[in-house]
Amino acid sequence: MNQQSLLPRPASLDASNLAFWIDEAIWGHRLHDEQNPWLCVLEFLGVFAAEHQQGEHGALVEVEPNRLSYTPMSQLRLRNLLFNNPHLAAVQAEGGTEEAQWNAWRERMERGAGGIPDANFSYLRERFRSFGDFVAVVQFLRATALETNSNKRWSSKFVFPFGPSALYEDLNISSRSTTNDRRFFARTGELLYLMLCRSRSAAELRERIATRFLDETAPYNRLVQALQGEDQRSGTRPGAYLPYRELPDYDRLAEDWLAILSRALPTYDALPHLVAITGLNLILYQLARARSILELDEGPTLVVEVVSPSRTVLRDLSAESYAENNSLPQQALDRYILRITETEEWGAALISGDPRGEARSLLQQHFDWPDPDDADERRHMPTELVEELIKRARTRHKQHVGKFHGTWGRAIGLASRRASRRTRYAPTDALLKSLVIGCVNGRMEFRDFLALLHARYGLVIGDQQAQNFIERGAADQEAFSNNALRLEERLTSLGLLRRLSDSCAYVVNPFSIESAQ
Amino acid sequence: MESNPSLDASHSVSTPPTPAHLPAARWIGFLRKYGPIPTNDNMYDEVIQRSMAGGRIPPIKLPELYLDALLENFRSLEPRSAILTGTAGDGKTYHCRRVWLALGGSDAEWNLGHKVQRLDAGAYELIVVKDLSELAGGESERLLTQMAADLVGQRTDRLYLVAANHGQLLEKWKAAGSTPEAQRVASAVEELLFEGGRSDATLPLRLYNFGEQSGAEMLPWIFEAVLKHPGWTQCEECVLRTNGAGCPIWENRARLLGEDDETLFQRRLVALLELAEQNGAHFPVRELLLLTSNLLLGHPDVPEDLLTCKRVGEVQARGTESRASPYRNAFGENLTPRSREGFDIFRELERFGIGSETSNRVDSVLVYGGDDPDLRPLYEQLLLADPLYGGTASYQEARRSYLEGEENATPGFLNALRAQRQRLFFTLPDKLADELALWNLTVYRHAGPYLDMVRQVKVGGPPPRGVLPLLIRGLNRIFTGMLARNQDELVLATSGSHSQSKTSRLLDATVSVPRERGEEVLVVPHGRGVALSVQMTRDPIILPVVLPLTLLRFEFLCRVADGALPSSFSLECYEDLLAFKAKLLRASEQRRRMDGELVVSGDDLVLRFVEMGPDGRVTARRVEVFVG
């Protein structure tokens with residue numbers, strides 16, 4: 001196993017919030033379940049836009065590892081207008097002249113606006129023919145806003161990323177302060193940014209993303225500008241950390257982005273596919289890193305049940321596969337900690353004059369724990385210390401990083417409990433479509449498609465890919481070939497497959513350049 | 001003959017005749033081999049040849065769809081090599097053999113069974129491979145490499161006739177792709193297979209794809225060949241025809257022949273196949289023969305669920321003739337669910353839900369018709385008139401005990417009801433089809449108008465009245481996410497963000513349905529079916545945007561237009577229609593660009609919001625934004 005060395009932890013990374021350096025050391029700073037894949041891509045686009053507009057070297061360029069520091073936008077006027085503006089209906093209901101409606105609304109709005117001292121919305125009036133038109137535009141932008149977090153605070157709601165003016169960071173806004181509390185932009189988007197930076201396709205991607213997502217003149221971007229007025233920027237955001245300089249995972253992710261962006265899809269339609277494929281890649285990244293720590297040779301394997309009306313062997317196998325993968329990150333965490341006890345330094349510490357002190361300082365050095373000032377931990381024997389660390393690390397891991405696989409799996413439509421008590425890999429039509437759009441340019445024989453999904457993402461669907469399971473008697477050939485048959489039928493019904501006969505079918509991407517009408 | 005006192009006296013039953021008294025046994029045994037049995041050997045031409053020779057049975061004459069074309073090619077002044085491809089059992093080997101014989105080859109030589117046969121056809125040598133998959137890897141690679149070189153070199157003194165299943169054809173050609181010639185032929189073959197088409201522009205090669213044959217068109221052909229086969233003449237001397245309730249095989253043949261009802265049963269079967277094909281199904285000859293054999297011989301209580309003459313006697317002795325109902329056999333219901341699963345044709349026919357679906361009217365007749373004076377005439381006409389498979393004693397008994405609320409009567413009656421709905425689907429006279437809502441017996445309630453539309457449009461006619469407005473209304477509801485009533489124009493609306501979002505509030509364009517300023521929406525022939533064709537402009541550069549109207553899409557649109565969103569098949573159709581909308585939007589953008597409307601006028605931005613009027617029609621509200 002080629003164990004790449006971890007990149008050093010950046011000095012800029014403020015450790016005061018982190019109890020210890022374990023999850024972040026393995027996967028980066030950080031994989032977060034509450035930041036769903038949409039919010040991850042939004043955060044990414046914000047970083048990208050900031051670096052593209054202001055960065056010294058432009059977007060997707062990392063001169064020194066883990067030195068990313070960017071200044072995202074806050075767009076507080078726009079956000080107040082869309083998501084903190086409950087006055088429109090009331091003002092319209094009260095009626096009155098145009099003048100009266102604008103004034104009544106402004107008075108209430110400027111009083112209630114959050115995060116903007118001395119709010120002044122007077123510029124809006126000259127941009128609309130009538131107050132009613134203004135209301136219609138606000139309603140339109142609200143209707144297109146991302147429904148990723150419907151019941152969350154208004155400062156965590158996001159307008160559709162129509163263009164650069166529509167990209168801003170998640171904030172916590174109270175009457176007293178405005179902070180980026182990293183609640184929903186928890187840096188998973190920064191990880192995505194760094195992964196793409198470090199991929200082989202970074203330069204090509206930079207072009208594509210900039211033209212597709214940062215078009216100032218896109219009509220709805222101009223609409224957003226009309227509401228926002230001048231852009232507003234937040235403070236500088238340093239502290240991103242991604243532990244490995246190179247990984248095949250980064251390249252696969254970047255290739256998937258490039259593939260989707262090269263299809264004959266409108267940019268806005270490409271976005272949901274980018275989100276889904278990013279989710280899948282990050283899930284695989286988490287599993288692959290865990291397997292690497294556990295020194296398991298092969299990459300992640302996900303047994304996929306193409307949903308069947310009745311219970312099948314595949315459903316059980318898929319549930320087992322899910323459960324096994326779901327437990328990998330925590331096993332990796334344990335292993336990552338325990339590895340230290342196999343080192344020479346640890347052995348030396350144990351036989352030193354001050355085993356407790358030496359062990360403590362070794363742990364301190366590797367894991368940032370225990371707190372040197374924490375008297376409690378001084379009492380522990382070295383092995384107790386390690387156990388204590390594992391216990392605490394697990395507790396923290398379970399809160400977010402440990403939920404990542406499950407939460408993101410469901411979010412992208414990969415994992416499901418449909419018709420079953422156990423969660424399993426049972427992809428939705430939408431995810432299948434994203435896979436076809438990402439993997440197939442033009443057409444591809446169905447069996448090649450199955451082989452590709454296996455080689456590229458570890459997805460086991462048909463009998464050719466399931467030889468391990470069949471040989472050890474977990475299921476027969478037929479169970480898997482029926483599974484593949486169900487996929488074929490699903491793809492057919494989605495218009496993504498053409499069957500020429502019982503022995504030959506093609507997966508067809510309707511958005512390939514050559515088949516575009 | 002001795003009578004058997006233990007059996008129901010109502011059947012004039014005698015001891016089952018011995019095989020010696022069953023004159024058609026050999027023919028029926030032969031026909032049975034085409035049926036859904038594990039040793040379904042008759043899909044192989046070779047096996048049929050052998051069993052016919054042994055039994056001295058004249059062959060069932062299969063459709064020879066490509067034989068004339070093949071012979072014409074090989075006898076022409078510029079003959080080309082030919083590839084026959086399809087699925088197992090659609091007649092490739094049969095065609096090879098017929099070409100072989102027609103060009104002067106001998107039966108004896110053919111029957112030696114060489115994998116590669118050579119024939120001196122006068123002006124050229126013909127190499128015949130009746131099944132490419134029989135050749136080992138190295139062998140086929142050598143052959144295909146040579147064939148590719150000959151094709152690319154335009155060689156005229158050596159031609160090929162090669163048959164292979166679709167999958168193997170591609171696999172073998174791809175495996176042989178080590179020379180540039182082989183690669184070129186491989187990609188030409190793939191292109192022909194995928195895009196359809198018979199010949200490549202640059203290579204002297206023809207491809208005959210049996211997958212393009214329509215099962216619905218072949219079925220009457222096969223019925224003719226099977227039902228009028230000379231084998232049946234032997235039945236005329238058979239005692240089974242007069243035993244008990246008669247011979248179910250003979251009875252099923254008569255019903256399928258349909259001499260009294262203008263082949264109603266056949267026509268309904270053809271309609272189902274035609275509809276299934278419009279949904280993308282394919283039925284090779286083998287499957288049609290299998291269906292025919294099962295229709296005639298199916299019975300759930302005998303070995304392998306298919307009757308033999310000998311078993312007919314036993315069935316008669318038990319009085320279970322009615323369980324040979326061809327209307328159930330049509331769906332493979334004589335088979336166990338597991339073995340039924342294994343046959344495409346039954347899987348496809350099962351999708352129609354015939355037996356589970358129903359209309360109130362039909363069920364009223366079936367359940368209450370015996371007692372309700374208003375329904376009684378229909379009950380007599382539709383049930384009692386068919387004492388064998390319809391109003392049997394056991395049906396009437398099940399109905400009675402169900403209506404009287406006897407314990408455990410329901411499951412049995414529901415099964416009987418299912419069988420009767422199936423029978424009615426195939427026997428309901430055309431005159432009653434509308435009144436009793438024939439197509440409500442299937443999941444595709446709009447299949448009737450759909451079939452009319454396909455048949456009329458394919459011969460150049462317009463669709464039936466009322467169909468187009470219904471489709472347009474359905475489309476508009478999908479396109480806007482509102483219950484729009486507009487049906488004389490297509491309303492192209494977008495969400496502004498991505499096209500997956502449920503409602504679309506921004507008007508992009510409208511397209512008039514009747515021809516107006518170059519705009520027009522039509523139903524046109526398309527491949528083997530029909531399609532909706534949207535013409536945006538007179539300019540020929542912008543091609544019409546086309547939506548193939550499968551049965552599924554048609555049903556979906558009609559139901560949406562009727563005000564329902566059928567959840568069972570909504571998702572897949574919804575995706576299709578969103579893709580169609582995306583294509584329309586692209587064409588609309590192209591039209592604006594050509595009309596010079598895409599130039600941004602100064603700083604202003606104009607939006608058109610879709611609003612629903614009180615009459616249910618959607619209209620546009622114009623909003624201007626002055627961007628600073």
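In what follows, chains are A, B, ... by sequence order, proteins preceding strands, each numbered from 1. Hydrogens, waters and symmetry mates play no part in the numbers below; they use all other heavy atoms, side chains included.
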Can you confirm whether A:Arg311 is buried at CZ, in the sense that more than 12 heavy atoms of other residues, nucleotides or ligands lie under 6.0 Å from that atom?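 Atom CZ in A:Arg311 is not packed in, count stays at 12 or less.
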Near A:Glu230 CD, under 6.0 Å, is it more than 12 heavy atoms from other residues, nucleotides or ligands?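 Counting neighbours around CD of A:Glu230, 12 or fewer heavy atoms of other residues, nucleotides or ligands fall under 6.0 Å, so no.
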Pairwise side-chain contact, [X] with [Y], heavy-atom cut-off 4.5 Å (strictly under):
X	Y	result
A:Arg129	B:Phe626	yes
A:Arg447	B:Glu171	yes
B:Phe194	A:Val508	yes
A:Leu223	B:Val627	no
A:Asp429	B:Tyr574	no

Side chain / backbone / both / neither for [X] at chain A, heavy atoms under 4.5 Å:
X	result
B:Leu193	both
B:Glu212	neither
B:Leu506	side chain

Supply the atom-to-atom distance [X] [atom1] to [Y] [atom2], rounded to the nearest 0.5 angstrom.
X	Y	atom1	atom2	answer
A:Gln225	B:Leu605	CD	CG	10.0 Å
B:Asn279	A:Thr492	CG	OG1	11.0 Å
A:Leu141	B:Ser497	CG	OG	10.5 Å

Please find the pair of heavy atoms, one from [X] and one from [Y], that lie closest to each other, and give the distance.
X	Y	result
B:His498	A:Pro272	CG-CG, 3.8 Å
B:Asp576	A:Ser493	OD1-O, 4.0 Å
B:Ser495	A:Thr144	O-CG2, 3.0 Å

Ion pair present between [X] and [Y], side-chain N to carboxylate O less than 4.0 angstrom?
X	Y	result
A:Asp133	B:Arg622	no
B:Glu190	A:Arg443	yes
A:Glu445	B:Lys174	yes

With chain B as the partner, which of A:Ser130, A:Pro219, A:Pro161 has the greatest number of non-hydrogen pairs under 4.5 Å?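 Top option by heavy-atom pairs under 4.5 Å: A:Pro219.
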